[in-house]
Amino acid sequence: MTVIQKKPENPIAHLTAEDIELIGKELDTIRQEVRDNLGENDAKYIRTVIDVQRKLELGSRAVLLFSKFPPAFVLGTVGLSVAKILENMEIGHNILHGQWDWMRDPKIHSTTWEWDMASPAEQWKHSHNELHHTYTNVIGKDNDLGYGIMRVDEDQKWHPMYLAQPLWNFINACFFEYGIAAYDLELGKNLASKKRRNDPKFRAGVKQVLKKIRNQAAKDYVVHPLLSGPSFMPTLVANFTANVVRNLWSHSVIMCGHFPEGVETFEKTSIDGETRGEWYVRQMLGSANISGSKAMHIMTGNLSHQVEHHLFPDIPSNRYAEIAPRVKEIFDRYELTYHSAPLVKQVASAWHKVIRLSLPNGWLAETTPKNAPAQLAKLYKMTTGGPKVRRALQSKAAA
């Protein structure tokens, strides 16, 4: 049975078991109707996006041949950044989900596509498609929730090391593709013991990732800069900048979909005996959308419709906007909160949660300009004291 992490109010307490299964049947109907209606217009959409992305990347790299001239540097860097975002978000992510496998085009298929990311496609599909989408927002099961390095819920015991999580999160955002590769490999767990480090499967995975990183680095930081001749350094900087912009953007979009205030997390036992309807409800409560223009939706890979994506990960992304009103109507009818807000608001909410959970429970809410010195002194004691001191101060605050 789906179990929400301990909260003062349970958002699904008013739903009966029959309600939950009816929700599942309604959503299954929406999914099947879309699947039955896929056709040439959908195929034309993804082929057009791929064509535009490739021309944009090629054109941007051509402009960067002259990147020692500032206008060419700026134009080429912006174009390459957009091209890399499109390739990752609307193209690579969705193809690797199998959204376009129905076309039976061997060039646009989840089994053959490789993308411009540090993670090899096969490793990412396992950690993302098989694990994340199965265990969405289940603490201790879903690595996309906090990326394995952050405190993501009030029920997780606070430790002073979490004070640094805003910094770790920012560093992870800048080099997001490498962070993804690391937790695709379950690096922390596998490096913890000699037995795991020497496991042939793990060592083969590391070898794959290093080869992928080497090939990417050679392309972006050696081959293309060398082709630019006198513009070697500006081209190298432009490629590095485009990769960082892509990483920051994709990290922000994913944070908005999983981590804003109000998005629910779930206990580790929540999937025990979980029905189809309960799985759907968990996706509904564990996701948030970003409102905005059609261009913004494309640039997010339509993960701005994260609710719809989590409900229907194998439906082509261009259909999410079409089915979103029907999904929202189900939320409204069953009195569930459909989290959706503009990008800036969702990013701010997600970062607020990162900062709030980096501190002891309630510390941020209790702190005002007047009591800030006393609160900082309390935080200092909790940071430098041992577990007994932390427990005593937290118990006193709770009382």
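Position 1 is the first residue of the sequence, and the numbers go up from there. None of the values given here were measured: they were computed from a predicted structure.
Leu96 and Ala121 make their closest contact through CD2-CB, 3.8 Å (heavy atoms, listed as atom of the first residue, atom of the second, distance). Across every non-hydrogen atom of Gln156 and Val152, the tightest pair is OE1-N, 2.6 Å. Closest non-hydrogen pair, Val263 versus Ala288, comes out as CG2-CB, 3.7 Å. Between Pro160 and Thr383, the shortest heavy-atom distance links the atoms CG-O, 3.6 Å. The shortest non-hydrogen separation linking Met284 to Phe331 is CB-CZ, 3.3 Å. Smallest separation of non-hydrogen atoms from Leu80 and Ser60: N-OG, 3.3 Å.
Below 30°, between 30° and 60°, or above 60°: for His251 and Trp351 the angle between ring planes is between 30° and 60°, a tilted geometry. Ring geometry, Trp100 versus Trp102: the interplanar angle falls from 30° to 60°, so the pair is classed tilted. Taking the six-membered ring where tryptophan is involved, the planes of Tyr221 and Phe240 are tilted, since the angle between them lies from 30° to 60°.
Atom-to-atom distance recorded for Gln375:CD and Leu359:CG is 10.0 Å, nearest 0.5 angstrom. Distance CZ/Phe202 to CD/Glu186: 9.5 Å, rounded to 0.5 Å. Rounding to the nearest 0.5 Å places OH of Tyr183 at 13.0 Å from CG of Leu187. Of the inter-residue distances, the one linking Ile315 atom CD1 with Glu322 atom CD reads 9.0 Å to the nearest 0.5 angstrom. The distance from atom NE2 of His224 to atom OG of Ser67, rounded to the nearest 0.5 Å, is 12.5 Å. Going from atom CZ of Phe259 over to atom OG of Ser252 covers 13.5 Å, rounded to the nearest 0.5 Å.
Side-chain contact annotation: Ser287 with Gln306, donor-acceptor N/O pair under 3.5 Å absent. Side-chain N/O atoms of Asp199 and Asn190 include no donor and acceptor closer than 3.5 Å. Using modelled atom types, one finds no donor on one side chain facing an acceptor on the other under 3.5 Å when comparing Tyr320 with Asn289. Counted by atom type alone, Thr265 and Asn137 present zero donor-acceptor pairs between their side chains at under 3.5 Å. Between Gln165 and Ser358, the side chains place no donor N or O within less than 3.5 Å of an acceptor N or O (distance only, hydrogens not considered). Under the 3.5 Å distance criterion, with hydrogens and angles disregarded, a donor-acceptor pair is assigned to the side chains of His297 and Ser304. Ser340 and Ser291 share no side-chain donor-acceptor pair at under 3.5 Å. For Ser250 and Asn88, the side-chain atoms include no donor-acceptor pair closer than 3.5 Å. Judged purely by distance below 3.5 Å, without hydrogens or angles, the side chains of Asp28 and Gln32 never pair a donor atom with an acceptor atom. Side-chain contact, Glu21 with Tyr280: no donor N or O sits under 3.5 Å from an acceptor N or O. For the residue pair Arg319/Asn302, the side-chain donor-acceptor check at 3.5 Å is not satisfied.
Heavy-atom neighbours of Tyr338 OH from other residues, nucleotides or ligands within 6.0 Å: above the threshold of 12. Heavy-atom contacts from other residues, nucleotides or ligands closer than 6.0 Å to CH2 of Trp113 number more than 12. Counting heavy-atom neighbours within 6.0 Å of Lys219 NZ, excluding the residue itself, gives a total above 12.
Within the 4.5 Å cutoff, no side-chain heavy atoms of Val307 are placed close to those of His339. Side-chain contact between Glu57 and Leu86: absent, with no pair of heavy atoms (C-beta onward) separated by less than 4.5 Å. The shortest side-chain heavy-atom distance between Trp115 and Ile91 does not fall under the 4.5 Å cut-off. In this structure the side chain of Val327 never reaches within 4.5 angstrom of the side chain of Ile330, judged on heavy atoms. Contact annotation: the side chain of Leu379 approaches that of Leu163 to within less than 4.5 Å [non-hydrogen atoms, C-beta and beyond].
Checked by atom type and distance alone, the side chain of Glu90 never pairs as donor or acceptor with a backbone atom of Met299 at under 3.5 Å. Side-chain atoms of Asn247 come within 3.5 Å of backbone N or O of Asn243 as a donor-acceptor pair. In terms of modelled atom types and a separation under 3.5 Å, the side chain of Gln99 and the main chain of Ser317 share a donor-acceptor contact. The backbone N or O of Thr368 lies less than 3.5 Å from a partner atom in the side chain of Asn371, making a donor-acceptor pair.
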For salt bridge (charged side-chain N to carboxylate O under 4.0 Å, His left out), just list the numbers for Arg333 and Glu329, CA-CA rounded to whole Å, side-chain angles, deciding distance to a tenth of an Å, and then say yes or no. CA-CA 6 Å; Arg333 184 156 29 94; Glu329 189 276 328; 2.8 Å; yes
Verdict with supporting geometry, His132 and His126, ring pair (Phe, Tyr, Trp, His ring centres under 6.0 Å): CA-CA 9 Å; His132 166 59; His126 169 69; over 10 Å; no
For the pair Asp220 and Arg61, evaluate salt bridge (charged side-chain N to carboxylate O under 4.0 Å, His left out) and give the outcome as yes or no after the intermediate values. CA-CA 10 Å; Asp220 280 342; Arg61 291 195 183 279; 3.0 Å; yes
Assess whether side-chain contact (heavy atoms from CB on, under 4.5 Å) is satisfied between His352 and Glu261, documenting all intermediate values. CA-CA 8 Å; His352 178 271; Glu261 299 284 5; 2.8 Å; yes
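No salt bridge links Lys353 with Glu154; every basic N to acidic carboxylate O contact stays at or beyond 4.0 Å. A salt bridge is absent between Glu308 and Lys328; no separation between the charged side-chain nitrogens and carboxylate oxygens falls under 4.0 Å. Between Glu177 and Arg246 there is a salt bridge, since a side-chain N of the basic residue sits under 4.0 Å from a carboxylate O of the acidic one. Between Arg282 and Glu278, no side-chain nitrogen of the basic residue sits less than 4.0 Å from a carboxylate oxygen of the acidic one, so the salt-bridge criterion is not met. The existence of a salt bridge linking Glu26 and Arg326 is excluded, since no basic side-chain nitrogen approaches an acidic carboxylate oxygen closer than 4.0 Å. Asp51 and Lys55 are joined by a salt bridge, as a carboxylate oxygen and a charged side-chain nitrogen come within less than 4.0 angstrom of each other.
When hydrophobic clusters are built by joining Ile, Leu, Val, Met, Phe, Trp and Tyr residues whose side-chain heavy atoms come closer than 4.5 Å, directly or via intermediates, Val63 is not grouped with Leu226. Linking ILVMFWY side-chain heavy atoms closer than 4.5 Å, directly or via other members, places Val245 and Leu303 in a single hydrophobic cluster. One hydrophobic cluster holds both Ile171 and Leu248 under the rule that ILVMFWY side chains link at heavy-atom gaps under 4.5 Å. One hydrophobic cluster, built from ILVMFWY side chains closer than 4.5 Å, cannot hold both Leu64 and Phe66; they sit in different ones. Both Leu56 and Ile298 are assigned to one and the same hydrophobic cluster, defined by single-linkage of ILVMFWY side chains at heavy-atom distances under 4.5 Å.
Residues passing the salt bridge (Lys or Arg N to Asp or Glu O under 4.0 Å) test with Glu87: none are found, sequence neighbours excluded. Applying the side-chain contact (heavy atoms from CB on, under 4.5 Å) rule to Leu58 yields no partners; only residues at least two apart in sequence or on another chain are considered.
In this structure, Trp124 has its ring center under 6.0 Å from that of His93.
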